[in-house]
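No hydrogens, no waters, no symmetry mates; every other heavy atom, side chains included, goes into these values. Keep in mind the model is a prediction, meaning the values are calculated, not measured.
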Amino acid sequence: MVTQAITSDDIDKTYPTIQPYIRRTPVARVDYADLSADLNADLNPGGSRSASVTFKLEMLQVAGSFKARGAFANLLLRDIPEVGVAAASGGNHGVAVAYAAHRLGVPARIYVPTVSAQAKIDRIRELGAHLVVGGDRYADALAAAQAWVADSGALSVHAFDQRETLLGQGTLGLELEQQVDGVDTVLVPVGGGGLIAGVAAYLEGRVRVVGVEPDGAPTLHRARAAGHPVDAPTGSIAADALAPRRVGELVFPITQAYVDDVVLVDDQAIRLAQRRLWAALRVVAEPAASVGLAALLSGTYRPEPGENVAIVLSGANITLPPGTFGSDPD
């Protein structure tokens with residue numbers, strides 16, 4: 001028996017509580033040929049033998065990412081003090097907590113580093129949260145948030161290393177299993193590990209779970225090599241979402257029990273995956289959301305013949321260059 005922070009039964013019980021506030025995001029099955037049509041021009045083929053891929057379109061979630069699940073679980077399952085809640089985030093968690101707080105009428109104070117995408121910063125402000133921008137990386141924002149919590153008595157809503165956060169993120173695994181029959185493997189983006197731990201805890205080994213990280217921010221990869229959470233670099237174009245200093249203490253035992261492998265992808269592969277998602281699905285995904293497809297296209301994850309692969313597209317809080325979709329009509 002694995003000793004861990006959450007179980008699939010816990011996630012089952014959490015889902016009805018948060019369900020009125022989140023979306024049951026859709027899935028889309030795409031022929032691999034559509035995803036790899038111009039692959040030779042950009043990156044060497046990964047040799048994938050999967051005829052199709054199923055995407056869980058979590059960028060369509062409220063607040064633009066899977067983080068809304070954990071945010072609502074925290075605010076609905078815990079007692080909120082009058083001063084409200086505080087959260088540190090690379091961006092998406094901050095947007096999600098700000099959104100949940102706005103919906104529930106709770107004061108929120110959000111800390112993000114300077115690396116956070118402008119789209120995420122703007123959205124947090126639009127939702128009425130008090131925003132503090134400072135420091136270079138997530139770890140700096142976390143330290144500032146912890147200091148505020150200690151001084152104010154606000155409720156800390158951790159981005160990944162909190163039981164309620166894991167319970168909320170695990171509901172994505174619940175939905176995926178209900179929506180898609182016969183999934184053999186699910187590729188999940190990894191930052192602090194809240195999403196992959198929640199999904200893996202729900203699936204409990206029934207489906208192969210593989211984490212995907214940028215090679216510039218290999219938090220879970222480094223932890224598995226060391227046998228415990230350790231500090232890792234915080235680089236990559238996905239640094240605003242997938243670059244905490246280390247994976248969570250609650251997260252790690254779950255991943256050791258139920259995550260089969262962790263693979264790394266470089267920035268070139270991530271950029272290609274973003275382009276292929278737009279070409280095949282007309283989906284705009286942020287870099288962090290694209291790492292699963294990057295692993296498939298680059299060959300860092302190679303499915304077996306006939307293997308049914310699902311990929312979590314985790315968010316789309318991204319600033320688009322001017323004219324991305326053409327000029328506005330006069």
Please table the atom pairs, donor to acceptor, closer than 3.5 Å between any side-chain atom in residues 182-199 and protein atoms at least two apart or in another chain.
{"from": "Asp184", "atom 1": "OD2", "to": "Asn308", "atom 2": "N", "distance (Å)": "2.7"}
{"from": "Thr185", "atom 1": "OG1", "to": "Tyr301", "atom 2": "OH", "distance (Å)": "3.4"}
{"from": "Thr185", "atom 1": "OG1", "to": "Glu307", "atom 2": "OE2", "distance (Å)": "2.5"}

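Ion pairing between a basic and an acidic side chain is recognised when a charged N comes within 4.0 Å of a carboxylate O; Lys120 and Glu286 show such pairing.
Members clustered with Val132: Tyr111, Trp148, by chain and number, using a 4.5 Å side-chain heavy-atom cutoff among hydrophobic residues.
Qualifying side chain to side chain contact (heavy atoms under 4.5 Å, CB included) partners for Ala147, counting only residues two or more places apart in sequence or in other chains: none. Take Thr165 and apply the side chain to side chain contact (heavy atoms under 4.5 Å, CB included) test, not counting sequence neighbours, and it matches Asn74, Gln162, Gln169. Judged as a side chain to side chain contact (heavy atoms under 4.5 Å, CB included), and not counting sequence neighbours, the contacts of Gln178 are Arg24, Leu174. By the salt bridge (charged side-chain N to carboxylate O under 4.0 Å, His left out) test, Arg163 pairs with Asp10, sequence neighbours left out. Residues meeting the side chain to side chain donor-acceptor pair (under 3.5 Å) test with Asp31, sequence neighbours left out: none. Ala159 pairs by the side chain to side chain contact (heavy atoms under 4.5 Å, CB included) definition with Lys67, His93, Tyr138, not counting sequence neighbours. By the salt bridge (charged side-chain N to carboxylate O under 4.0 Å, His left out) test, Glu175 pairs with Lys56, Arg69, sequence neighbours left out. Residues satisfying the side chain to side chain donor-acceptor pair (under 3.5 Å) criterion with Asp231, sequence neighbours excluded, are Arg246.
Within the structure, salt bridge (Lys or Arg N to Asp or Glu O under 4.0 Å) pairs that include any residue of residues 125-135 comprise Arg123-Glu126 (at least two apart or interchain). The ring pair (Phe, Tyr, Trp, His ring centres under 6.0 Å) contacts involving residues 7-29 comprise Tyr21-Phe72, where partners must be two or more places apart or lie in separate chains.
Here the rule is side-chain contact (heavy atoms from CB on, under 4.5 Å) with Ile110, and of Leu131, Val133, Leu127, Val157 only Leu131 fits it.
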